[in-house]
Every structure is written in C-alpha cells, then in structure tokens.
Amino acid sequence: MISASKSRSLRATPEGLEKVLQRMSELEKFTEKKDKKGWSQEDLADKSGVSLSTVKRFLKSEPVDRNTIIWITTALDLDPLDVINPSEWNQTTTNSELGQKILIHRQVCQGMLEKQGLSINPLMAGGGTTFKRGDIYVPLGLIERKQQRQVSSEESSNHPTEYEVTRTLQHDEFFEQVFRLGVSPKSKGKRIAIIGEPGAGKTTLLQQIADWVFENTDQDVAIWVSLADLQVRTLEEYLLQVWLKHALKTARVTPEMEDSFVELFNRERVWLVLDGVDEMSVETGNPLTAIASQLTTGWISNARVVLTCRLNVWDAGKNALERFDTYRTLEFSYGDRHKPDSDQVNQFLINWFVTSNPHLGKALRTALDQPGKERIKDLVKNPLRLSLMAYSWQLRQGKLPKTKAALYQRFVEAFYEWKQEYFPSDSATRKQLNQALGRLAKVAISQSYSRFRLTRRFVWSVLGESDTPLFQLAMQVGWLNQVGVAEEDLEEPVYAFYHPTFEEYFAACAIDDWRFFLTHVPDNPNAGIYRIFEPQWKEVILLWLGREDVAKDKKEEFIKALVEFDDGCWYFYKRRAYLLAAAGIAEFKDCSLREEIVGMIVDWSFSTTY
C-alpha cells in the first residue's frame with residue numbers, strides 16, 4: 001500500500017488562497033502565444049509536480065501535506081508563510097526542513113525522468129522523426145513467477161529449468177494490484193523485478209511505472225537510474241555525485257543538498273526505478289549480487305525498488321534478489337484484425353503508421369499473415385523487433401526476413417540508405433564500418449565488466465580517433481552515442497551502442513568460426529573455450545546461427561558439438577549445451593538434428609532419467 005503522510009496536514013488560509021489565485025492569473029500559460037496569461041489548475045499541477053486532484057483540494061482550502069504546500073508555493077514563487085497560518089506551519093516545520101524548499105521536490109525528479117526517451121528515437125532523430133511514448137505504446141501484460149521448482153539432484157540434471165506461473169496480469173490490472181494495492185507474494189509491491197528477453201519492452205514499461213508514480217501519488221517521487229551508467233560507482237555514490245548534481249543543475253552538491261535528498265528516502269517517498277541490471281559493470285561476480293548488497297543497507301534500503309533484467313541473467317545460477325517479486329513481460333498478441341483491441345501487433349502498426357502512411361501498416365500486417373511467414377510473424381511479437389520491422393518496411397517494402405539476424409541486417413541496410421541524404425557513404429565504407437563495429441562489440445562483450453559502456457580510448461583503438469571517417473560515420477549514423485564520462489577521468493567520454501541488441505548483432509557478424517564459442521578439451525578444460533555457458537554470449541550465438549552468410553555445414557557442426565557435448569559432470573553442462581542447441585534451431589530452421597533435439601526435450605518433460 002502507498003503509505004500515508006507522516007506529517008500533519010495543513011490548509012490554506014482565505015488570504016493565502018487569494019494570493020495563490022492572483023499569482024496564477026499573472027503567470028504565462030504554457031502556450032506558443034506568449035501574450036496569453038493565467039495558469040489553469042492543470043498548469044499548476046504540471047509545474048509543481050503535484051497531482052491534479054491534490055491541486056483541486058488545495059484550492060478548495062482542504063487539508064494537504066506540508067510537502068505539497070512547499071511544491072505548490074515553489075512553483076508559484078511564493079513563500080509557504082504567504083499561504084499557511086504561520087503558527088500552524090511552525091508547529092510542523094523545523095529549520096532544517098525549511099531548507100528543503102528549493103532543493104528536492106517532485107518537479108526536479110519528474111524533469112529528470114522526462115529526459116528518458118524511446119530506444120528507437122536516437123536512430124530516427126537525424127531525419128526529424130521521433131515518437132513520444134504515448135504515440136506508439138501498446139500496453140503489455142505480465143506473468144507472475146514463483147521461485148524455481150524444487151527438484152532432486154537427479155531431476156535437475158535432466159530437466160530444463162521450470163518456474164511456476166501463479167497468475168497472468170493485464171497491464172492495468174498489474175498497476176492496480178501490485179502498485180496501488182500492494183498485492184504481491186513477497187514484498188507487498190515494494191520489491192519488483194521486470195524480466196524478459198532483449199527488446200521485450202522492459203525499459204518502456206519501467207518508464208510507464210515511473211510516470212504512474214507521479215500521476216497516482218501525492219508525494220512520492222520516481223528516480224530513474226540506468227545501471228550501466230554506474231560504471232565503477234556504487235548506486236549510493238552515483239545518486240549523490242551524479243544524479244543529484246544533474247537534477248539540481250549545480251556545479252557542486254553541498255552537504256545540505258545531500259541531507260535533503262537522503263531525508264526524502266528516509267521518509268519512504270522514493271521509488272527507485274533501475275533499468276538494466278544485466279548491463280551493470282561488475283569486475284567480478286554477478287550483477288544481481290552486486291545490486292542486492294547495495295539495496296539492503298543504509299538510506300537506500302528505505303526506497304521502493306522496481307528494476308529490469310534480461311531473462312538469461314536473472315535465471316543464471318543463484319539469484320541474490322530472491323526476495324523480489326518477479327514478473328515477466330508478455331509478447332504482443334495476434335487477434336482478430338477487425339477488433340484492434342484484441343490484436344496488439346495490428347494496434348502497434350496502426351499507431352506507428354498513422355501519421356505517415358496507414359496503407360503501409362496494413363500491407364505489412366497482410367504480409368505477416370501470408371503462409372510460410374510463421375517464423376518472422378512470431379519474431380515480431382517482440383516490441384523492439386516489431387519496431388525495427390515497421391521502420392525498415394516504412395523505408396523499403398519487400399520480402400520479409402526469416403530470422404532475427406536477417407531482420408537486423410535488413411534494418412542496418414535500410415538505415416544506411418535513409419541516412420544517405422544526411423551522411424553520405426559508399427558500400428565499401430559501410431562494410432568497413434560494420435566490420436570495425438563487429439570487432440569493437442566482440443571485444444567489449446568479452447570484457448569481464450563494462451561491456452556496454454566503452455571509453456573513448458577503447459573506441460579509438462578500433463575505429464580510429466575522432467577525426468577519422470569511421471568514427472565520424474559511426475557517431476553521425478547513430479550506431480554509437482556518447483552517454484557520459486569515465487569515472488576515473490572526467491575528460492574521457494564514454495560511448496554505448498544504440499541498443500545492446502545491436503552490439504550483439506555486430507559481434508555475431510564478426511565471428512567466422514563456431515569454435516570461438518566452444519572448443520572442448522575434455523582432459524584439460526582450462527585449455528578450452530566455453531563461451532556457450534556464459535550468459536552474455538547466448539544472444540550472440542543465436543544471431544550467429546541466424547546469419548544467412550554462414551554456411552549450413554558450419555552451423556550443423558556447431559549444433560552437433562552442442563548435442564554431443566560430454567561434460568563428465570553428471571550431465572549438468574551437457575544439459576545446458578543441449579538446451580542451447582534447442583534454442584538455436586529456432587534460428588537455424590534447416591538443421592538436420594531438429595527432430596532429434598525436439599524429441600529429446602519432449603522426453604525430458606515426461607521422464608526423470610535418460
């Protein structure tokens with residue numbers, strides 16, 4: 001449940017309300033007509049960060065929380081004592097609390113959140129085309145998962161990982177049950193993990209959750225953190241040294257500012273929305289363990305936490321965040337095209353093409369329904385991949401791709417063509433850049449930490465310095481974007497691929513031999529290569545298997561090596577290798593071992609022994 005205010009409620013005096021209304025009439029409206037004056041109730045709510053319903057109560061002289069008075073009067077450039085009876089105000093306010101007036105309030109936190117845009121926008125912005133979240137957002141449902149099913153040691157070596165699904169929640173039901181009413185098995189809505197495949201809409205959903213906090217609570221604030229931005233810092237260090245500095249737009253954070261910020265946590269008013277646990281820079285160990293230890297100590301432990309994580313990292317081994325309630329995002333659904341609400345794919349395409357060419361959206365939906373297109377139709381139930389499909393279709397209609405790798409390849413080619421008007425390049429230069437990005441991505445993913453945040457020195461070592469054609473084109477096109485500076489050197493910019501999935505795609509394109517993933521030396525495993533068991537390589541492997549330029553016999557060799565893997569460890573690693581082969585044949589449809597692999601998976605489902 002959302003906790004109630006711990007301080008006494010206050011009401012504006014008649015004289016105070018008169019000052020408020022007078023001040024509202026003098027301020028410029030939020031309009032292009034600069035000569036138009038007078039704030040509405042909606043303007044005051046938007047500017048103060050207070051919900052509209054609370055603003056209406058305040059203007060009726062009904063009791064509201066002291067912090068609400070501070071936020072409203074700050075927005076109006078008034079003093080609380082202009083509005084509230086001084087004797088009542090002093091009974092509920094200490095000198096230190098008065099100092100919070102201009103330091104931390106909802107508008108500051110909401111302004112930081114508004115800087116988070118859709119992941120597709122950085123690539124589209126060069127042509128003047130961008131979306132707001134509400135333009136194309138289609139609400140997704142979620143499934144609630146319990147802990148892994150407990151099995152015997154013999155069973156665990158023979159069965160795929162299983163989780164019990166306790167309930168399926170539609171979008172609005174999820175917000176109402178989990179966040180408003182606090183109905184979740186472990187944490188009562190206070191520790192929530194959103195997990196899913198790459199591009200499954202986790203970040204967009206997290207943004208919706210943060211927006212919900214501001215729209216549906218009177219005092220709470222949502223603080224957004226992209227965990228890849230921590231680099232070598234702890235979460236506490238990042239919040240105090242980086243987030244607070246940017247939020248308050250100050251060159252130096254004072255102890256008073258820090259105390260005010262910490263007090264916000266101690267009052268249990270903060271929701272930490274943490275994006276991308278799997279993208280954290282962890283030199284040793286597991287990112288789940290690293291973030292778990294930081295969320296359970298000190299003032300940060302007073303915050304409600306909602307975080308996102310890729311499925312393969314969340315499910316890899318022991319999970320230090322076992323006290324979190326876990327919800328997995330559902331994919332877009334297909335339904336009756338004549339009933340848009342039941343067909344989420346169709347609704348997304350309607351939203352995407354509504355301002356450009358609605359006929360293109362209908363043509364794409366028709367193409368997806370054609371016989372033989374079942375694989376790509378299933379692939380684009382993923383929100384990011386559907387975005388890429390819609391975008392590339394908008395630029396260049398034609399045959400639908402068959403695999404994830406083919407979809408990304410098509411997007412890359414179409415995107416270069418579209419950017420040609422702004423940043424000309426020939427085919428040889430594009431090929432050279434793609435190869436360099438592949439080398440950069442392959443080395444980055446191989447690092448033990450900071451796989452998704454790349455220093456300028458590291459990027460230069462592969463692409464060349466800032467004045468070289470490859471570096472300039474990578475930045476102009478948008479494959480790389482500056483996302484901050486290095487902790488150890490504030491003069492050293494840090495870059496990231498437009499989206500982690502493209503880092504993985506370029507890496508997959510840079511790998512010629514499947515032995516890069518697996519070189520088994522049974523008698524001396526230390527001399528072998530076993531990237532097939534490292535979570536960060538799974539998506540790269542699947543993309544590699546979907547490449548159309550890799551010979552079929554090479555893919556067959558790799559799948560065979562996975563199926564026949566002999567670990568000598570009671571089948572623990574053998575089972576994992578076999579499951580990877582099962583995932584791989586979805587991208588390699590023509591695999592000769594397909595039926596054998598599917599049959600074995602079915603057998604595992606009904607038997608506890610080989």
Minimal heavy-atom distance between Ile532 and Ala577, with the atoms involved, is CD1-CB, 4.2 Å
Would you say the side-chain atoms of Arg531 pair up with the backbone N or O of Phe517, donor to acceptor, closer than 3.5 Å? no
Option among Arg430, Gln476, Gln432 that satisfies the side-chain hydrogen bond (donor to acceptor under 3.5 Å, both in side chains) test with Ser425: Arg430
Where is the tightest heavy-atom contact between Tyr498 and Asn481, given as atom of each residue plus distance? CA-ND2, 3.8 Å
Distance flag, aromatic centroids of Phe353 and His359, threshold under 6.0 Å: no
Steps toward salt bridge (Lys or Arg N to Asp or Glu O under 4.0 Å) verdict (Lys402, Glu548): CA-CA 9 Å; Lys402 297 179 180 179; Glu548 295 176 347; over 6 Å; no
Working note: Trp271 + Trp212, criterion side chain to side chain contact (heavy atoms under 4.5 Å, CB included); need CA distance, chi angles, decisive distance, verdict. CA-CA 11 Å; Trp271 298 52; Trp212 183 93; 3.8 Å; yes
Distance in Å, Ile291 CD1 paired with Leu274 CG, rounded so as to fall on 0.5 Å steps: 5.5 Å
Determine, step by step, whether Leu230 and Val242 satisfy the side chain to side chain contact (heavy atoms under 4.5 Å, CB included) criterion, reporting the C-alpha distance in whole Å, the side-chain angles of both residues, the deciding distance to 0.1 Å, and the verdict. CA-CA 9 Å; Leu230 265 60; Val242 179; over 6 Å; no
Can you tell me how far apart CG (Asp229) and CD (Glu279) are? Round to the nearest 0.5 Å. 9.0 Å
Salt-bridged, Arg328 to Glu197, with N to O below 4.0 Å? yes
If you look at every heavy atom in Leu239 and Phe265, which pair is closest and at what distance? CD1-CZ, 4.1 Å
Tyr391 and Phe411 aromatic centres sub-6.0 Å: yes
Walk me through it: do Leu349 and Leu386 pass the test side chain to side chain contact (heavy atoms under 4.5 Å, CB included)? CA-CA 9 Å; Leu349 295 178; Leu386 183 58; 4.1 Å; yes
Spatial distance of atom CZ (Arg385) from atom CZ (Phe332) [nearest 0.5 Å]: 11.5 Å
With a 4.5 Å cut-off on side-chain heavy atoms, are Trp393 and Leu400 touching? yes
Is there a donor-acceptor pair under 3.5 Å between the side chain of Glu237 and the backbone N or O of Thr234? yes
Is the shortest heavy-atom distance from the side chain of Tyr327 to the side chain of Ile195 under 4.5 Å? no
Taking every non-hydrogen atom, the tightest pair across Lys555 and Phe588: CB-CE2, 3.5 Å
Please answer whether the main-chain N or O of Leu142 pairs with a side-chain N or O of Thr329 as donor and acceptor at a distance below 3.5 Å. no
Treating Arg304 as the side-chain partner and Val270 as the backbone partner, does any N or O pair qualify as donor plus acceptor under 3.5 Å? no
Would you say Tyr416 and Asn434 are linked by a side-chain donor-acceptor pair, where the criterion is simply a distance under 3.5 Å? yes
Donor-acceptor pair, side chain of Arg375 and main chain of Ala586, under 3.5 angstrom: yes
Hey, are Ser226 and Asp275 close enough side-chain-wise for a donor-acceptor pair under 3.5 Å? no
Tell me if the aromatic rings of Phe261 and Trp243 count as close, with their centers under 6.0 Å from one another. yes
One should read off an interatomic distance between Trp460 CH2 and Phe471 CZ, to the nearest 0.5 angstrom, of 7.0 Å
Compare every heavy atom of Val459 with every heavy atom of Leu440, then report the nearest pair and how far apart it is. CD1-CA, 4.0 Å
Distance (rounded to the nearest 0.5 Å) between Glu258 CD and Glu263 CD: 14.0 Å
Do Leu384 and Thr501 have side-chain heavy atoms sitting under 4.5 Å apart? yes
Side chains of Ile529 and Leu518: does their closest heavy-atom pair fall under 4.5 Å? no
Arg576 (side chain) donor-acceptor with Phe533 (main chain) under 3.5 angstrom: yes
Once the angle between the rings of Tyr530 and His520 is folded into 0 to 90°, is it parallel (under 30°), tilted (30 to 60°) or perpendicular (over 60°)? perpendicular
For the atom pair NZ (Lys245) and CD (Gln241), what is the distance rounded to the nearest 0.5 Å? 9.5 Å
Does the pair Trp314 and Leu321 meet the rule for a side chain to side chain contact (heavy atoms under 4.5 Å, CB included), with working shown? CA-CA 9 Å; Trp314 188 263; Leu321 297 174; 3.6 Å; yes
I'd like to check Phe558 versus Ile541 (side-chain heavy atoms, cut-off strictly below 4.5 Å). Are they in contact? yes
Please tell me whether Asp211 and Gln207 have a donor and an acceptor in their side chains that are separated by less than 3.5 angstrom. no
Within a radius of less than 6.0 Å around NZ of Lys202, do more than 12 heavy atoms belonging to other residues, nucleotides or ligands occur? yes
Any side-chain heavy-atom pair from Leu205 and Tyr137 closer than 4.5 angstrom? yes
Do Arg310 and Gln536 have side-chain atoms, one donor and one acceptor, less than 3.5 Å apart? no
Side chain Arg451, main chain Gln447, donor-acceptor under 3.5 Å: yes
Distance-minimising heavy-atom pair for Leu437 and Phe497: O-CZ, 3.7 Å
Non-hydrogen side-chain atoms of Leu295 and Ser301 separated by less than 4.5 Å: no
Should Lys404 and Glu539 count as an ion pair when the cut-off is N to O under 4.0 Å? yes
Please check if the distance between the ring centroids of Phe506 and Trp479 is under 6.0 Å. yes
Mind checking whether Phe458 and Tyr495 have ring centres under 6.0 Å apart? no
Taking Asn382 for its side chain and Pro198 for its backbone only, find out whether a donor-acceptor pair lies under 3.5 Å. yes
So does Ala292 get a backbone contact from the side chain of Thr296, meaning a donor-acceptor N/O pair under 3.5 Å? yes
Verify, without hydrogens or angle tests, whether Ser260 (side chain) and Glu256 (backbone) share a donor-acceptor contact under 3.5 angstrom. no
